[in-house]
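Notes follow once the structure below has been shown.
Heads up: numbering here begins at 1 and tracks the sequence.
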Amino acid sequence: MTASKPFAGADTEIVLGVSGGIAAYKACELLRQFTESGANVTVAPTDSALKFVGEATWSALSGRQVASGVFESVHEVPHVRLGRAADLVVVAPATADLMARAAQGRADDLLTATLLTARCPVLFVPAMHTEMWEHPATRDNVATLRRHGATVMEPDTGRLTGVDTGKGRLPEPSAIFAFATGMLSGPKQHADLVGKRVLVSAGGTREPIDPVRFIGNRSSGKQGYALARAAAARGAQVRVVAANVTLPEPVGAEVTHVETTAELRDAMVSRADDSDVIVMAAAPSDFTAATFHETKIKKQDGAAPFTLELAQTPDIAAELGQRKRKGQYLVTFAAETNDGEANARRKLERKNADLMVLNDVSHGRVFGADDNAVVLLRPATEAVRVDSASKDVIADRIWDACLELSGPGDSSRS
C-alpha cells in the first residue's frame, strides 16, 4: 500500500462508499464533515444504498456527480479512475454483504471494482445486527480484509434497527471522521501495523477494602487509549483491556472493562497467546487488602490508629514476559518518581520486555494530563528521550520505536 498525501486542502481525494444499510443516513453527516474540511469527495453508493438515500442528496452534499454505475461515463473507465485517484477510500456503512464481496475480490458493482483498483488506505466501517457481526463468516471476512491491508473499525454497541440493542451500530460520524483523517496524517498513513494483532491495557486498577473504599492510583487511561487509537489507525487489529477508564472508547478497538488487578491479569493472559504485540500501559495496583471487609469499616472512638494489612498483587507484565512466545513483542511502562532510568532498566530485564516506556510522575505530572514526555529504553541500547507532546503524538513515537526493532519479540531473551 503506498503512502498517501496529508489530509489538507482541495488536493485530497476521498471515495466514500455507501452500502445498503439503514445507517446510510449517517454517511450524509460524514460526507459533510469531509467536504467542510476541504477534501474532494466522490460518493459511490451501491444500488441498495440508493434505496435509503437518493443520488440528489449525495450530489448536493458533495458538489459532485454521484458515481454509481460502471456503465456511466464508460470512456473514463470509472472503476479504474476512482481507485487510482483516491487518497483514501472509506466504506460507511459497510454491510455484511459488502464486506463478503470485497473479501472475495468480487467486482460486481462500481464500489467493489473501485476497492480492487485502489492503492491507497481503505477503511471499512461495519454496521449490521449483532448476530451478523458475530457470525463466523463475517469474522472470517473481516480477518481477510485486514490481511489484505484494509483497516476495519470495530462497530459501536448501542441501539440498532427496531428495538434491538447490541454490537453492530455504526460509530458516530465525528468518530469516523477523526479516525479517517488520522489515517492520512503523520506516520499512520503508511498502515505499517496491518496484519498485527495488538493487545493494550489502560487505566488503573482498584483493590476493594470494603464495599465503599478501595486502593487505587491516579492513572486515567489516556496514554493507553492513545496507543490503541494510533495502532488502529495504522492498520492493526486492536483489543483493549481497560481498568476503570471513563474516557470515550478508542475508535477502532474492541474494549473489555475490568476493575481489579486480578481481573486485569486474567483478561490480559487469556488474550495474550494470539496477540503479536502486547502493551502494558495500565497501572495495576501493587498491593491489595489482605482481608476484604464485608461491611463498611466504621471509625473508632478516640484517636487509635487503624491498621490495614496489605498483600502484593501479581506482576502481570513479568508474567506476560515469561509467557512470551517467539515472534511476540512486549511493551511495558515504568512510572517513577526518582532514579527513573536505573529503576526502569532493572524492570526491563526483570519483566523480559522488548521496550520500556519510562514516565517521570513526580510532582503530580503525567497522570490525567493530556501531554506526556517519556524515555524509551530497549535492551543494550541507549535511551531515547521524547520531549513533551500530546499523548497521541507520544503514542505514535512508541509505535515507531516498536517498528525499529528487527521484528516483534526478536530478542535474545525470548
Side-chain angles (χ1 to χ4, degrees), residues 1-19 23-45 49 53 55-68 81-94 111 114-115 118-127 150-156 169-191 225-226 228-235 247-253 370 389-393 395-396:
M1 187 174 292
T2 58
S4 54
K5 295 180 287 187
F7 186 79
D11 61 342
T12 301
E13 293 287 336
I14 295 177
V15 173
L16 175 59
V18 184
S19 56
Y25 78 93
K26 286 188 176 181
C28 296
E29 173 60 20
L30 177 61
L31 172 58
R32 185 189 65 80
Q33 293 187 36
F34 279 142
T35 56
E36 288 187 356
S37 69
N40 297 317
V41 185
T42 300
V43 181
V53 180
E55 285 195 21
T57 300
W58 299 123
S59 294
L61 291 174
S62 67
R64 284 186 166 187
Q65 180 178 347
V66 171
S68 59
R81 175 180 55 82
L82 287 174
R84 285 179 175 175
D87 297 303
L88 175 69
V89 177
V90 180
V91 183
L111 177 53
T114 298
L115 290 168
R119 293 298 179 266
C120 61
V122 175
L123 172 63
F124 291 89
V125 191
T151 299
V152 183
M153 289 178 64
E154 290 291 318
D156 275 355
R169 178 183 174 91
L170 188 79
E172 290 304 308
S174 58
I176 302 171
F177 173 80
F179 191 93
T181 54
M183 293 176 67
L184 287 172
S185 61
K188 292 176 285 189
Q189 65 180 311
H190 301 301
Y225 272 31
R229 285 193 301 270
R234 293 169 80 148
L247 305 169
E249 294 190 351
V251 175
D370 293 325
S390 73
K391 289 184 175 178
D392 286 309
V393 171
D396 269 318

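Separating the CG atom in Leu31 from the NZ atom in Lys26 is a distance of 16.0 Å, to the nearest 0.5 Å. Interatomic distance, Ile14 CD1 to Asn40 CG, rounded to the nearest 0.5 Å: 9.0 Å. Rounding to the nearest 0.5 Å gives a distance of 8.0 Å between CD1 of Ile176 and CZ of Phe34. Atom OG1 of Thr151 and atom CG of Leu123 lie 6.5 Å apart (nearest 0.5 Å). For the atom pair Leu30 CG and Phe177 CZ, the distance stands at 8.5 Å (nearest 0.5 Å). Of the inter-residue distances, the one linking Thr42 atom OG1 with Leu16 atom CG reads 9.5 Å to the nearest 0.5 angstrom.
Closest approach of Pro93 and Val18 over heavy atoms only: CD-CG1, 3.9 Å. Contact detail for Cys28 and Val53: the closest heavy-atom pair is SG-CG1, 3.9 Å. Of all heavy-atom pairs between Ala86 and Cys120, the closest is O-CB, 3.3 Å. Heavy-atom minimum distance, Trp58 versus Ala24: CH2-O, 3.7 Å. In terms of heavy-atom proximity, Val152 sits nearest to Pro126 at CG1-CG, 3.7 Å. Residues Ala94 and Ser19 approach most closely at CA-OG, 3.4 Å, considering heavy atoms.
For the pair Pro248 and Tyr225, the minimum side-chain heavy-atom distance is 4.5 Å or more. Considering only heavy atoms from C-beta on, Leu115 comes within 4.5 Å of Val122 through its side chain. Side-chain contact check for Pro121 versus Val89: every heavy-atom pair is 4.5 Å or farther apart. Contact annotation: the side chain of Val125 approaches that of Leu170 to within less than 4.5 Å [non-hydrogen atoms, C-beta and beyond].
Taking the side chain to side chain contact (heavy atoms under 4.5 Å, CB included) definition, one finds that Ala232 meets it with Phe179, Val238, sequence neighbours left out. For Ala395, the side chain to side chain contact (heavy atoms under 4.5 Å, CB included) test picks out Gln223, Ala226, Leu227, Ala230, with sequence neighbours left out. Checked against side-chain hydrogen bond (donor to acceptor under 3.5 Å, both in side chains), Thr57 has no partners two or more places apart in sequence or in another chain. With sequence neighbours excluded, no residue forms a side chain to side chain contact (heavy atoms under 4.5 Å, CB included) with Ala178. Residues that satisfy the side chain to side chain contact (heavy atoms under 4.5 Å, CB included) test with Ser174, not counting sequence neighbours, are Gln33, Glu172.
Salt bridge present: Glu13 and Arg64 bring a charged side-chain N and a carboxylate O closer than 4.0 Å.
Screening residues 33-44 for salt bridge (Lys or Arg N to Asp or Glu O under 4.0 Å), with sequence neighbours left out, gives Arg32-Glu36.
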